[in-house]
Amino acid sequence: MKIQLEVTTSCNLNCEYCFRKRDLARNVPLSVAEKVGDADEVVIYGYGEPLLNPHLKEILRMMNGKILISTNGMVDTGFEEVAEMADRLAISIDFDARHRRGLVFESIERKLKKVGEKAVTQIVVTRDNIEVLKELVEISARYGASVQLTNVVAGNREIYSKALYFEGSRFCVEEVEKLDRDFIIRAIKDWSRGRGMYKEEYQKILKKIYDRGYSINMLYILESRDRIALARKAEKTVMECEEIAKDYGVKLEKAEFFGDSQKRECPYKDVVFVRADGKVSSCMSFAYSHREFVNNHWKDIREFVVSDLNKEEIDDALQKISEFERLRKGMSDSFPWCADCPYVAGCWYAKNNIDCYANNISCSECLYSSKIARCVL
């Protein structure tokens, strides 16, 4: 059993892409932390900086399994002792404090020097840092740290404009790129009105795509040529980063820059998220109500809470989440991939995080399932 435990919602940074409720700071009750102590692995990571919990070392001593801690690297007090108690330490790294207000790179580098191979650096890749990504990877690798790349999950249009990915399935993009643009527009027109010289040919194209298990939004792909080109450019940079990591003998976990509806997998299967107030959710994304901007539209996500460890045991929470666990283990069959849907623009279901498979809540646009976004799990 693996548990993700949010030990605090307090943070010393003010990242623009974080969904943390900045007016609500709390530390997890020790009685709640004790209830997850027998987990095989505990990931200390949530919408806050773990080292700001004054009882963190006491909490770590309660844990009997492996411990992974994710930190922003900005807290010096107690860091060395906490790092010694952890099996792995994930440290967010970047040069630029424009979106991560309060970041000081030198503080991060000092901690990398101290923990070395025990560290994995996490880099949120955007248009603002893609040009220095190779340098960030090389600095990490120089200290023996492995590297995890993730794309940004946007909380607003401005952050989304910094994103480098295209959510649509790569297979669909490549099929559209084989076709003439004028043909596509005429074929869609003939298909829509049910007659015309291009209708039959368009039907054959759709059948090929549907037979592979995909849907397709051809017009959106045509309109997104600049985003698609940017995603391909980012992929080339990441390939160069892989070579750097290889030269240093460290592992690099890359992010994807295109979706794939048929290759989705939930990183939270067999994992639950315990909030700082003791309530239990299926994952970090559903832990709190918030808004996301994804696939060029707003999405309203409401919290999905199954249990409260202030009143129940962890086994009760695991039992209550079992049905949702079944769904997310068969992600591609259980949830549609809205990024390929021609009707997603203006879709009420997508906006409210419900889907056309009658799932309420839905993982239909989860960037983590497609590895566009990565988490330390």
Side-chain angles (χ1 to χ4, degrees), residues 17 92-96 99 120-141 145-154 159-179 181 209 212-218 220-265 267 292-296 331-332 337-340 365-377:
Y17 46 73
S92 300
I93 182 172
D94 205 341
F95 292 132
D96 198 336
H99 297 299
V120 51
T121 58
Q122 300 168 289
I123 306 173
V124 180
V125 184
T126 68
R127 298 189 191 197
D128 289 333
N129 67 4
I130 188 66
E131 299 300 328
V132 296
L133 184 60
K134 289 185 286 186
E135 186 177 356
L136 287 168
V137 169
E138 184 164 11
I139 289 170
S140 301
S146 56
V147 181
Q148 183 187 66
L149 306 181
T150 179
N151 279 293
V152 67
V153 179
I159 296 298
Y160 188 72
S161 71
K162 304 289 185 180
L164 292 164
Y165 53 84
F166 180 70
E167 297 94 333
S169 294
R170 183 191 301 272
F171 171 75
C172 297
V173 171
E174 291 174 348
E175 288 301 304
V176 168
E177 289 176 338
K178 296 175 184 177
L179 304 171
R181 182 180 183 277
I209 292 166
R212 289 284 298 271
Y214 294 90
S215 296
I216 190 165
N217 188 343
M218 288 195 181
Y220 185 50
I221 292 172
L222 288 178
E223 293 168 357
S224 304
R225 286 177 295 179
D226 291 344
R227 282 191 67 200
I228 291 168
L230 195 62
R232 287 211 168 95
K233 182 179 178 181
E235 283 186 323
K236 291 180 180 178
T237 300
V238 169
M239 289 176 63
E240 294 170 357
C241 290
E242 288 182 298
E243 290 301 313
I244 293 170
K246 183 178 178 181
D247 289 342
Y248 279 91
V250 302
K251 178 183 177 182
L252 185 143
E253 186 178 272
K254 66 179 183 179
E256 298 293 337
F257 292 90
F258 292 90
D260 191 321
S261 71
Q262 298 303 301
K263 294 181 180 179
R264 287 173 290 154
E265 184 178 17
E292 291 181 10
F293 199 85
V294 61
N295 200 30
N296 208 33
M331 182 72 68
S332 294
W337 185 235
C338 296
D340 292 338
E365 291 180 300
C366 176
L367 298 180
Y368 294 94
S369 72
S370 63
K371 295 184 174 63
I372 289 173
R374 306 300 297 255
C375 60
V376 295
L377 295 173

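Computed from a prediction, not measured in an experiment: that's the story for all the values here.
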Ionic contact status for Glu235 with Arg170, cut-off 4.0 Å: yes
ring-ring contact (aromatic ring centres under 6.0 Å, His included): which pairs involve residues 220-241, sequence neighbours left out?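 Those involving residues 220-241 are Phe166-Tyr220.
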Side chains of [X] and [Y]: closer than 4.5 Å at any heavy-atom pair?
X: Val120; Y: Val376; value: no
X: Ile228; Y: Phe258; value: yes
X: Trp337; Y: Ser369; value: yes

Hey, mind stepping through Gln148 and Gln122 against side-chain contact (heavy atoms from CB on, under 4.5 Å) and telling me if it holds? CA-CA 5 Å; Gln148 183 187 66; Gln122 300 168 289; 3.5 Å; yes
Taking all non-hydrogen atoms of both residues into account, name the closest pair between Arg374 and Lys371 and its distance.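 Smallest interatomic distance, heavy atoms only, reads CD-O, 3.5 Å.
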With sequence neighbours excluded, residues passing side-chain hydrogen bond (donor to acceptor under 3.5 Å, both in side chains) with Asp260: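 Asp260 satisfies side-chain hydrogen bond (donor to acceptor under 3.5 Å, both in side chains) with Tyr214 only.
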Quick one: side-chain hydrogen bond (donor to acceptor under 3.5 Å, both in side chains) partners of Ser370, sequence neighbours excluded? none
Knowing that exactly one of Val238, Leu164, Val152 qualifies, which makes a side-chain contact (heavy atoms from CB on, under 4.5 Å) with Val125?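 Passing option: Leu164.
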Tell me which one of Ile372, Leu367, Val294 satisfies side-chain contact (heavy atoms from CB on, under 4.5 Å) with Val153. Leu367
If we ignore hydrogens and angles and just use 3.5 Å, is the side chain of Ser140 paired with the main-chain N or O of Leu136 as donor and acceptor? yes
Are the side chain of Asn151 and the backbone of Glu256 linked by a donor-acceptor contact shorter than 3.5 Å?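 Looks like yes, one N/O pair under 3.5 Å.
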Residues which pass salt bridge (Lys or Arg N to Asp or Glu O under 4.0 Å) with Lys236, listed by chain and number, not counting sequence neighbours: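 Checked Lys236 against salt bridge (Lys or Arg N to Asp or Glu O under 4.0 Å); zero matches.
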Inter- and intrachain pairs under side chain to side chain donor-acceptor pair (under 3.5 Å), touching residues 237-251, at least two apart: Lys134-Glu240, Glu138-Tyr248
Of all pairs that satisfy salt bridge (charged side-chain N to carboxylate O under 4.0 Å, His left out), the ones with a partner from residues 221-233, not counting sequence neighbours: Glu167-Arg227, Glu177-Arg232
